[in-house]
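Model, not experiment: these values are computed from the prediction.
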Amino acid sequence: MSAPDPIRLFSYGTLQLESVQMETFGRLLAGAADALPGYSRTMVRITDPAVIAASGADHHPIVAASGDPADTVEGMVFEITAEELAAADTYEVSDYRRVEATLASGLRAFVYIKA
């Protein structure tokens, strides 16, 4: 029996912070640099006190499809468990929605984009 495909999560923002990883996952994640083509990055104001406490900021990056394949958002890709993906869903506020995308490396990963 083969092992299930790993769950990959691409982060371009606060999920890369050690404080957020410890608060959200209870551990530090090992990752690799990658990029998300065809998206552009802006900022969104966060009002959830728990998210602000974990990240230390009330403005977080957010990405949206730009329609321009030359646009690229740099970040990290992490391998996580299904339980950690659920925890990430809880951490992300309603401004974000989770989609699956192809990274510059060719890997498929979940990423939180503008809702």
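The 12-atom threshold is exceeded at CD of Glu100, counting heavy atoms of other residues, nucleotides or ligands nearer than 6.0 Å.
Between Asp95 and His60 there is no side-chain heavy-atom pair separated by less than 4.5 Å. A heavy-atom distance below 4.5 Å is found between the side chains of Val111 and Val99.
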Counting only pairs under 3.5 Å, give me each side-chain donor-acceptor contact of residues 41-49, with atom names and distances, residues two or more places apart or in other chains.
| from | atom 1 | to | atom 2 | distance (Å) |
| --- | --- | --- | --- | --- |
| Arg41 | NH1 | Tyr12 | O | 2.8 |
| Asp48 | OD1 | Ala50 | N | 2.9 |
| Asp48 | OD1 | Val51 | N | 3.2 |

Show me, pair by pair, the donor-acceptor contacts under 3.5 angstrom made by side chains of residues 101-109, not counting sequence neighbours?
| from | atom 1 | to | atom 2 | distance (Å) |
| --- | --- | --- | --- | --- |
| Thr102 | OG1 | Arg108 | NH1 | 2.7 |
| Ser105 | OG | Asp34 | OD2 | 2.5 |
| Ser105 | OG | Leu107 | N | 3.2 |

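Tyr91 and Ile52 fall within a single hydrophobic cluster, where Ile, Leu, Val, Met, Phe, Trp and Tyr side chains are chained together by heavy-atom contacts under 4.5 Å.
Here the closest non-hydrogen pair linking Ile7 and Leu85 is CG2-CD2, 4.1 Å. What you find for Gln21 and Leu15 is that their closest heavy atoms are NE2-O, 3.0 Å. The two atoms that bring Ala54 and Glu23 nearest to each other are CB-CG, 3.9 Å, heavy atoms only. In terms of heavy atoms, Pro69 sits closest to Pro37 at O-CB, 4.3 Å.
The structure places CG of Leu29 at 10.5 Å from CD of Glu18, a figure rounded to the nearest 0.5 Å. The CZ atom of Arg27 lies 8.5 Å from the CD1 atom of Ile80; values are rounded to the nearest 0.5 Å. The CG atom of Asp89 sits 12.5 Å away from atom CD of Glu84, with the distance rounded to the nearest 0.5 Å.
Scanning for side-chain contact (heavy atoms from CB on, under 4.5 Å) contacts around Glu74 gives Ala35, Thr72, with sequence neighbours left out.
Remark: side-chain polar atoms of Glu79 are not paired, donor with acceptor, to backbone N or O of Gly31 under 3.5 angstrom.
In this structure, Tyr112 and Tyr96 have perpendicular ring planes: the angle between them is above 60°, well past the 30° mark.
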